[in-house]
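As the structure is a computational prediction, the values presented were derived from the model and not from experiment.
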Amino acid sequence: MGPVSEQVWVITGGSSGIGRATALAAGAEGARLVLAARGEAALTAARREVEDAGGEVLVVPTEVADFSQVAELGRRAVERFGRIDSWVNAAAVSVYGEFLDLPIEEIRRVVEVTLLGTVHGTKVALDQMRRQPGGGTVINVSSGLGDRAFPLQSAYSLAKYGVNGLGDALRVELAHAELPLRVATIKPASIDTPFFAHARSRMGVAPQPVPPVYAPELVAAAVLHAAMHPVRELAVGGAASGLGLVARLSPRLLDGSLRLLGYSSQQTNDPELPAAEDNLFAPVDGPGAVRGGWEGRRFSLGTWLGTRPAARSVLLGGAVVGLAALGRGRRG
């Protein structure tokens, strides 16, 4: 798993938010990049930014819900750069609202983009990587909501549960086949991106991220780490780690908390946008952006430790020594 500067990357959802932040970070390291998204204006703007950061870029307008277009994306990447070392599936859409109020076509669309888009990218990437020397890494951007679903985001949560399950199954299959292929699952908490402004709302008001909110650069750093080191799963933001832990230890307590706070924490006082202005079925016009104006935190201790095994070992060793000394003191 060589340095980013020696890798060829494909990033879906590369024109906005986490995908664009990842492209900028990889470009700054000198990676060769293929960026995919639906909006050509945003892709062009992202390409210019990444080239300014130092990366070599090919943009390929792609609808990830269409497998034939994703296959063409992979073909174009290999045609241009000869191989694919890291493929990042970051494309996603969402609709906010109670399940009973969501039209089935909107639920289907979220699943087609957020889950099947990831399936399509993973399939194309692994088919190419198993034929090339050195293999490669698929990095799927999931969510803390893939470990614990939230009210008002049932469609998005079920898609992210599927992304997590795909990674679990593939890791065993690839190990059984003894292939030099890796699948990493990144699980961000709420991230300061345009995702919330682009999501469709059926709540009567516009959505907002559940606090605390973290900077997209934290997710980009986690993705780059996964491209260079063996990673199974990596939560980004302490809130994501904490959510998964509480969901395992006390799901009923979490149910009660979400019943009280899960609605208001996701709702603003602003009116919802007209459906024509969201990105559920068509890209939003304009140059795109990395951030969404939510002032995300730029540091997470849990994420920092997650990308630094040596620091984790030192911390764990210190805790063991401290507990041993405490035990000796009590016996004395």
>> Can you tell me if Glu51 has over 12 outside heavy atoms packed within less than 6.0 Å of its CD?
In response: yes
>> A side-chain contact here means heavy atoms from C-beta on lying under 4.5 Å apart; do Val213 and Arg297 qualify?
In response: no
>> Could you see if Val34 belongs to whatever hydrophobic cluster contains Ile11? Use Ile, Leu, Val, Met, Phe, Trp, Tyr and a side-chain cutoff under 4.5 Å.
In response: no
> Is there a side-chain contact between Leu243 and Phe150, using heavy atoms and a 4.5 Å cut-off?
Replying inline: yes
> Where does the angle between the aromatic ring planes of Trp304 and Phe299 fall among parallel (under 30°), tilted (30 to 60°) and perpendicular (over 60°)?
Replying inline: tilted
>> Is there a path of hydrophobic side-chain contacts, each under 4.5 Å between heavy atoms, that joins Ile191 and Val290?
In response: yes
> Mind checking whether Arg47 and Val50 have side chains closer than 4.5 Å, heavy atoms only?
Replying inline: no
> Does the side chain of Val141 come within less than 4.5 Å of Thr22's, by heavy atoms?
Replying inline: no
>> Once rounded to the nearest 0.5 Å, what's the spacing between atom OH of Tyr96 and atom CD of Gln208?
In response: 9.0 Å
> Would you say Val246 and Arg148 make side-chain contact, with heavy atoms under 4.5 Å?
Replying inline: no
>> Any side-chain to backbone donor/acceptor pair from Gln128 onto Val124? Under 3.5 Å, distance only.
In response: no
>> Check whether Ser190 reaches the backbone of Val210 with its side chain - one donor and one acceptor, N or O, closer than 3.5 Å.
In response: yes
> Could you state the interatomic distance from CG (Leu115) to CG (Leu166), rounded to the nearest 0.5 Å?
Replying inline: 7.5 Å
> Any chain of hydrophobic side-chain contacts (each under 4.5 Å) joining Met129 to Leu170?
Replying inline: yes
> Pro61 versus Leu43: any side-chain heavy-atom pair under 4.5 Å?
Replying inline: yes
>> For the CG atom of Leu174 and the CG atom of Leu181, what is their distance to the nearest 0.5 Å?
In response: 5.5 Å
>> I'd like to know if the side chain of His120 and the backbone of Val64 have a donor-acceptor N/O pair within less than 3.5 Å.
In response: yes
>> Are the side chains of Met228 and Val4 in contact, using a 4.5 Å heavy-atom criterion?
In response: yes
> Does anything in residues 263-288 pair up under salt bridge (Lys or Arg N to Asp or Glu O under 4.0 Å), and if so which pairs, sequence neighbours excluded?
Replying inline: Arg200-Asp278
>> Between Arg109 and Val93 (side chain of the first, backbone of the second, donor and acceptor by atom type, cut-off under 3.5 Å), is there such a pair?
In response: no
> Quick one: CG on Leu224 to CD on Gln7, what's the gap to the nearest 0.5 Å?
Replying inline: 8.0 Å
> Are any non-hydrogen side-chain atoms of Ser142 and Glu233 less than 4.5 angstrom apart?
Replying inline: no
> salt bridge (Lys or Arg N to Asp or Glu O under 4.0 Å) with Asp147: which of Arg248, Lys160, Lys187?
Replying inline: Lys187
>> Minimum heavy-atom separation for Gly74 and Trp87, please, with both atom names.
In response: CA-CZ3, 4.0 Å
> Listed by chain and number, what are the salt bridge (Lys or Arg N to Asp or Glu O under 4.0 Å) partners of Glu6, not counting sequence neighbours?
Replying inline: none
> Of the non-hydrogen atoms in Val236 and Ala222, which two are nearest, and what is the gap between them?
Replying inline: CG2-CB, 3.7 Å
> Does a donor on one side chain and an acceptor on the other come within less than 3.5 Å for Thr185 and Asn164?
Replying inline: no
>> Per the ring pair (Phe, Tyr, Trp, His ring centres under 6.0 Å) rule, what does the pair list look like for residues 18-57, sequence neighbours excluded?
In response: none
> Using 30° and 60° as the class limits, which term best fits the ring planes of Trp294 and Phe196: parallel, tilted or perpendicular?
Replying inline: perpendicular
>> Using the salt bridge (Lys or Arg N to Asp or Glu O under 4.0 Å) criterion, which residues pair with Arg291? Sequence neighbours excluded.
In response: Glu217
> Of all heavy-atom pairs between Leu261 and Ser265, which one has the smallest distance, and what is that distance?
Replying inline: O-OG, 2.8 Å
> Are the side chain of Thr114 and the backbone N or O of Tyr156 linked by a donor-acceptor pair below 3.5 Å?
Replying inline: no
> So which heavy atom on Arg298 is nearest to which on Leu218, and how close?
Replying inline: O-CD2, 3.5 Å
> So, are Arg108 and Glu105 salt-bridged, with charged N and O less than 4.0 Å apart?
Replying inline: no
> Quick one: salt bridge (Lys or Arg N to Asp or Glu O under 4.0 Å) partners of Arg130, sequence neighbours excluded?
Replying inline: Asp127
>> How long is the straight-line distance from CG of Leu158 back to CD1 of Ile107, given to the nearest 0.5 Å?
In response: 7.5 Å
>> If hydrophobic clusters are built from ILVMFWY residues whose side chains come within less than 4.5 Å, do Ile84 and Leu33 share one?
In response: no
>> Can you give me the closest heavy-atom contact between Gly238 and Tyr214, atom names plus distance?
In response: N-OH, 3.2 Å
>> So which atom in Asn89 and which in Gly121 form the shortest heavy-atom distance, rounded to 0.1 Å?
In response: OD1-CA, 3.5 Å
>> Nearest 0.5 Å, please: how far is OG in Ser143 from CD1 in Ile186?
In response: 12.0 Å
>> Just to verify, what does Glu295 make a side chain to side chain contact (heavy atoms under 4.5 Å, CB included) with, not counting sequence neighbours?
In response: none
